[in-house]
There are 2 protein chains.
Amino acid sequence: MPDSKHTALSRRSDTTRAAILHAARERFAADGYERATIRTIARDAGIDPSMVMRYYGSKEGLFAAAVAVDLKLPDLGPLPRDEIGSALVTHFLAMWEENEVLTALLRVGATNQAGAERMQGIFQEQLLPVARQACPDPEQVPVRAALTATQLLGMALTRYVLRLPPAVALSRQEIVAWLAPTVQRYLTAPNP
Amino acid sequence: MPDSKHTALSRRSDTTRAAILHAARERFAADGYERATIRTIARDAGIDPSMVMRYYGSKEGLFAAAVAVDLKLPDLGPLPRDEIGSALVTHFLAMWEENEVLTALLRVGATNQAGAERMQGIFQEQLLPVARQACPDPEQVPVRAALTATQLLGMALTRYVLRLPPAVALSRQEIVAWLAPTVQRYLTAPNP
DNA sequence: ATCGTTGGTCAACGATTGTTGGCAAACGGG
DNA sequence: CCCGTTTGCCAACAATCGTTGACCAACGAT
């Protein structure tokens with residue numbers, strides 16, 4: 001019988017599974033999808049490449065499991081209307097720097113079709129609802145959210161992927177001070 | 001003697017060289033560096049893979065030759081101070097859509113170290129001088145130029161690489177209307 | 001007509017990749 | 001203690017990659 005008393009409890013392999021996911025996120029973030037090989041990920045995790053296949057089926061399956069992203073976007077309801085730009089930029093910076101998953105996803109999204117579609121999904125399911133709270137005209141929510149995405153992803157691209165020196169040198173507070181008015185305008189300002 | 005009378009004139013192979021470059025740009029733009037193989041590029045160009053090696057030495061050499069980018073940024077001198085944002089965004093959109101080189105470079109820059117360094121070079125040698133014309137304080141030129149790059153590259157990323165539907169649906173005029181004030185502020189506004 | 005130069009094909013190399021199946025050891029409930 | 005299950009390693013497969021060298025055909029000046 002497959003399920004005895006500890007059905008949902010820690011099996012011995014959960015440690016390995018987690019190690020694989022951790023190594024996979026690091027490699028995908030550093031090298032992108034194609035150059036991150038199952039062999040190097042397995043070596044980082046200290047196990048055999050075949051284990052990766054057993055636990056995640058294929059390289060695509062591993063990637064899908066490694067970049068399950070939850071942006072944990074805040075509820076904009078209780079916030080003053082003119083602070084949502086600053087709140088969003090601050091939150092995005094924190095999310096991006098505490099966690100290499102987002103960099104991995106961005107790198108892969110730029111090269112891989114599946115990665116790009118996953119980013120489209122995150123945009124639609126996580127950023128759109130938040131934009132709906134901030135944007136008065138429901139008709140314009142997708143456009144406003146997309147404009148916000150251009151600025152936030154553009155900063156992530158230049159700072160964490162391309163690593164343009166002046167973008168890397170900026171402090172978090174400086175970035176918020178510069179980008180918050182932009183995001184604020186994209187979400188709440190009347191049509192230009 | 002290698003050079004007879006037609007030293008700088010059209011050799012027969014120049015057609016092939018150009019065909020290879022054209023196919024390479026298409027493939028690098030569509031697939032990124034790793035998935036664009038020399039074999040498929042050669043097939044697109046209608047010749048043998050070994051010719052690519054003969055003419056460009058290696059895959060890296062081919063890439064270097066394929067993405068020699070000149071942004072042809074306009075001289076901002078004769079322009080009214082408050083129109084440089086609009087002028088830059090308009091020019092960037094035109095450059096990006098007339099030519100797949102930029103998309104290729106962005107895709108590769110997101111995955112490949114050499115590609116990222118090439119983008120840093122373009123930023124430094126082509127965008128910085130223009131920002132120097134628009135920005136009053138010389139000390140702040142790199143920061144202002146980097147901020148501009150985040151917005152312009154962010155739009156390119158979401159529209160031409162990730163292809164977020166709302167970003168694709170925008171017309172050029174709408175993009176200029178939304179982004180021009182942002183770029184204008186990044187380049188000319190006082191510190192926030 | 002001849003012969004070096006150029007433009008091009010073909011077949012193969014060594015390396016690396018994702019992926020698979022077989023087998024050994026450790027575990028754990030009966 | 002015993003036996004099925006889990007966890008893991010090893011070796012190998014087939015495919016694909018960048019790259020190379022041998023070989024052939026067409027050209028062009030002498």
Side-chain angles (χ1 to χ4, degrees), chain A residues 1-24 27-28 30-67 108 111-115, chain B residues 1-24 27-28 30-67 108 111-115:
Chain A
M1 294 75 200
D3 50 344
S4 56
K5 61 187 80 170
H6 54 31
T7 311
L9 245 140
S10 72
R11 333 245 242 134
R12 214 158 32 98
S13 63
D14 288 355
T15 309
T16 307
R17 288 186 127 96
I20 294 175
L21 275 192
H22 181 70
R27 284 294 175 179
F28 282 137
D31 300 336
Y33 186 80
E34 338 284 341
R35 308 185 32 159
T37 74
I38 288 196
R39 282 175 160 87
T40 63
I41 292 174
R43 178 152 17 97
D44 289 355
I47 46 94
D48 190 86
S50 60
M51 299 302 296
V52 180
M53 303 299 298
R54 210 207 293 272
Y55 288 148
Y56 295 98
S58 68
K59 189 180 181 182
E60 278 211 21
L62 172 63
F63 173 73
V67 295
V108 175
T111 326
N112 192 279
Q113 177 65 18
Chain B
M1 296 72 202
D3 50 345
S4 60
K5 60 186 82 168
H6 52 34
T7 308
L9 245 140
S10 72
R11 332 245 243 132
R12 234 178 354 121
S13 63
D14 288 354
T15 309
T16 307
R17 288 186 127 93
I20 294 175
L21 276 192
H22 181 71
R27 285 293 175 176
F28 282 137
D31 300 336
Y33 186 80
E34 337 284 341
R35 307 184 34 159
T37 73
I38 288 196
R39 283 175 160 90
T40 63
I41 291 173
R43 178 154 16 98
D44 290 353
I47 44 95
D48 191 87
S50 60
M51 299 300 297
V52 180
M53 302 301 298
R54 215 210 292 275
Y55 288 148
Y56 295 99
S58 67
K59 189 181 181 181
E60 277 212 21
L62 172 63
F63 173 74
V67 296
V108 175
T111 326
N112 194 278
Q113 177 63 20

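Below, chains carry the letters A, B, ... as their sequence lines are ordered, and counting in each starts from 1. Atoms considered below: every heavy atom in the structure, side chains included; atoms not considered: hydrogens, waters and symmetry mates. As the structure is a prediction and not an experimental result, all values here were calculated from the model.
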Measure the distance from [atom1] on [X] to [atom2] on [N] and round it to the nearest whole Å.
| X | N | atom1 | atom2 | answer |
| --- | --- | --- | --- | --- |
| A:Arg27 | C:dT17 | CZ | P | 11 Å |
| A:Lys59 | C:dT17 | NZ | P | 9 Å |
| B:Arg17 | C:dG7 | CZ | P | 8 Å |
| B:Met53 | C:dA12 | CE | P | 19 Å |
| A:Met51 | D:dC9 | CE | P | 7 Å |
| B:Leu62 | D:dT19 | CG | C1' | 14 Å |
| A:Asp14 | D:dT6 | CG | C1' | 12 Å |
| B:Glu34 | D:dG18 | CD | C1' | 12 Å |

Minimum heavy-atom separation for [X] to [Y], with atom names?
| X | Y | value |
| --- | --- | --- |
| B:Gly115 | B:Val108 | CA-CG1, 4.2 Å |
| B:Glu34 | B:Lys59 | O-NZ, 3.6 Å |
| A:Ala36 | A:Thr40 | C-OG1, 4.5 Å |

Report task. By nearest nucleotide on DNA chain C, pick out whichever of A:Ser50 and B:Tyr55 is the more 5' one. Result ->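 Mapping each residue to its closest nucleotide by heavy atoms, the 5'-most match is B:Tyr55.
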Query raised in the report: Across the strands shown, which category fits A:Tyr56 at heavy-atom distances under 4.0 angstrom: base, sugar-phosphate, nothing?
Result: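 No contact.
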Report task. Would you check, one step at a time, whether the test side chain to side chain contact (heavy atoms under 4.5 Å, CB included) holds for A:Val52 with A:Leu62? Result -> CA-CA 8 Å; A:Val52 180; A:Leu62 172 63; 3.8 Å; yes
Requested in this report: Sort out for me which residue in A:Thr37, A:Ile41, A:Ile38 forms a side chain to side chain contact (heavy atoms under 4.5 Å, CB included) with A:Pro49.
Outcome: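 The residue from A:Thr37, A:Ile41, A:Ile38 that satisfies side chain to side chain contact (heavy atoms under 4.5 Å, CB included) with A:Pro49 turns out to be A:Ile38.
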Query raised in the report: Going by heavy atoms closer than 4.0 Å, what residues in residues 37-48 of chain B are next to DNA chain D?
Result: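 Residues of residues 37-48 of chain B that come under 4.0 Å of DNA chain D are, in numerical order, B:Thr37, B:Ile38, B:Arg39.
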Requested in this report: Please answer whether the main-chain N or O of A:Arg17 pairs with a side-chain N or O of A:Tyr56 as donor and acceptor at a distance below 3.5 Å.
Outcome: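 Judged by distance alone, yes, a pair lies under 3.5 Å.
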Query raised in the report: With both distances kept under 3.5 Å, what pairs with D:dT30, Watson-Crick or G-U wobble?
Result: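 C:dA1 is the nucleotide pairing with D:dT30.
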Query raised in the report: Parallel, tilted or perpendicular: which fits the ring planes of A:Phe63 and A:Phe28, with parallel below 30° and perpendicular above 60°?
Result: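 It falls in the perpendicular class, over 60°.
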Query raised in the report: Between D:dG8, C:dT19, C:dG7, which nucleotide has the shortest distance from any of its atoms to the side chain of A:Pro49?
Result: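 Out of D:dG8, C:dT19, C:dG7, the nucleotide with an atom closest to A:Pro49's side chain is C:dT19.
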